[in-house]
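One structure below.
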Amino acid sequence: MPGIDESLLDAMRLQGARGASVVDWISGLALGAVGDAPGGDVEATAAETAELARLATESGALALTGKGPGGPPDDDTGGPSGAPSGKEPPVQDLIITNADSYHLLRFVTTAFDSTVFVHLWLDRDEGNLALARIRLAEMADRLVLG
C-alpha cells in the first residue's frame, strides 16, 4: 500500500498532470506535494482548495440523500451490510474546470476521521478528465496515511 509520496508520483504519471498534493481540509496544510501549483505557491493552493473542500463537505445541500449507493449506513459497521467500515466523507470528489485546466479533489476514506483529499491539477488540452478521475479514485483508495 503506497504512502503519500508514492501516490503523488503515481498521480503525476497521468497524461497532462501539472501538479498533485495531499491536503488536510481542516487545517489547510499540504501533507505532500509534487509538480507545480497554480500561482506557484503550494501552501496557498492547499489552503484555498481546503476552503472548497470544507464548504462542500459541510454543505447540507450536498449531503447524502439516503437513496441509492453511498447512502447512510444500513447497520453499525459504518456502511451498507457487508461493506467495509470506515468514515466516509459526504462528498466523493469535486471537479473544477477553467479555460486551461481541471482541478480534481478526491476525498480519502480512512478508518479515522476523513479530513484528507488528493488534489490533482490537470492540463485541459493534454489530460483526460474521465481517466484521471478513475485513476485518482483508485489511488485514494490505496493511499496509506501515517
Side-chain angles (χ1 to χ4, degrees), residues 1-73 78-80 83-146:
M1 300 201 104
I4 292 173
D5 293 337
E6 188 177 335
S7 294
L8 291 173
L9 291 174
D10 282 346
M12 289 302 292
R13 290 186 185 105
L14 288 166
Q15 185 173 345
R18 292 182 177 178
S21 59
V22 174
V23 178
D24 178 274
W25 59 266
I26 297 293
S27 67
L29 296 175
L31 305 177
V34 294
D36 297 326
D41 187 346
V42 171
E43 291 303 325
T45 299
E48 291 171 6
T49 55
E51 285 297 316
L52 288 170
R54 188 173 17 261
L55 179 64
T57 57
E58 294 175 356
S59 169
L62 300 177
L64 296 172
T65 63
K67 298 176 183 172
S85 63
K87 292 195 174 191
E88 295 203 21
V91 177
Q92 288 182 335
D93 52 25
L94 296 174
I95 300 171
I96 297 112
T97 63
N98 60 37
D100 67 347
S101 62
Y102 301 113
H103 295 267
L104 283 76
L105 279 63
R106 178 66 185 199
F107 293 85
V108 178
T109 301
T110 61
F112 51 93
D113 289 337
S114 295
T115 63
V116 174
F117 65 89
V118 180
H119 171 217
L120 176 66
W121 185 28
L122 191 65
D123 184 270
R124 191 173 184 133
D125 292 331
E126 296 177 23
N128 180 325
L129 179 59
L131 180 60
R133 184 172 180 257
I134 291 167
R135 294 285 193 265
L136 202 60
E138 292 170 349
M139 186 191 75
D141 288 344
R142 291 189 316 266
L143 180 62
V144 174
L145 301 171

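Index from 1, following the sequence.
- Taking every heavy atom of both residues into account, Ala20 and Met12 meet most closely at N-SD, 3.9 Å.
- Nearest heavy-atom pair across Gly32 and Ile4 is CA-CG2, 4.0 Å.
- Rounding to the nearest 0.5 Å gives a distance of 11.0 Å between CD of Glu6 and CE of Met139.
- Side-chain contact between Val118 and Val22: present, with at least one pair of heavy atoms (C-beta onward) separated by less than 4.5 Å.
- Counting heavy atoms of neighbouring residues, nucleotides and ligands inside a 6.0 Å radius, atom CD of Glu43 exceeds 12 of them.
- The CG atom of Asp10 sits 6.0 Å away from atom CZ of Arg142, with the distance rounded to the nearest 0.5 Å.
- How far CD of Gln92 is from CG of Leu136: 12.0 Å, rounded to the nearest 0.5 Å.
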Please determine whether side-chain contact (heavy atoms from CB on, under 4.5 Å) holds for the pair Tyr102 and Arg133, giving the CA-CA distance in whole Å, both sets of side-chain angles, and the decisive distance to 0.1 Å.
CA-CA 11 Å; Tyr102 301 113; Arg133 184 172 180 257; over 6 Å; no
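- Remark: Ile134 CD1 to Leu129 CG distance equals 10.0 Å, nearest 0.5 Å.
- Comment: Arg124 does not engage Asp100 in a salt bridge, judged by the lack of any side-chain N to carboxylate O separation of less than 4.0 angstrom.
- Here the shortest heavy-atom pairing between Ala33 and Leu8 reads N-CD1, 3.5 Å.
- Atoms CG and CZ, from Asp24 and Arg54 in turn, are 9.0 Å apart once rounded to the nearest 0.5 Å.
- In plain terms, the two heavy atoms of Leu122 and Ala17 that are nearest each other are CD1-N, 3.7 Å.
- Qualifying side-chain contact (heavy atoms from CB on, under 4.5 Å) partners for Asp123, counting only residues two or more places apart in sequence or in other chains: Arg18, Asp125, Glu126.
- Just one residue in the list Thr49, Val108, Thr57, Leu104 forms a side-chain contact (heavy atoms from CB on, under 4.5 Å) with Phe117, and that residue is Thr49.
- At a threshold of 4.5 Å between non-hydrogen side-chain atoms, the residues Glu48 and Pro38 do not count as touching.
- In this structure Asn98 satisfies the side-chain hydrogen bond (donor to acceptor under 3.5 Å, both in side chains) test together with Ser101, sequence neighbours excluded.
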Working for side-chain contact (heavy atoms from CB on, under 4.5 Å), residues Leu94 and Phe107
CA-CA 9 Å; Leu94 296 174; Phe107 293 85; 4.2 Å; yes
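- Within 6.0 Å of atom CD in Gln15, 12 or fewer heavy atoms from other residues, nucleotides or ligands are found, so the atom counts as exposed in its surroundings.
- For Ala50 against Gly28, the heavy-atom pair with the smallest separation is CB-CA, 3.6 Å.
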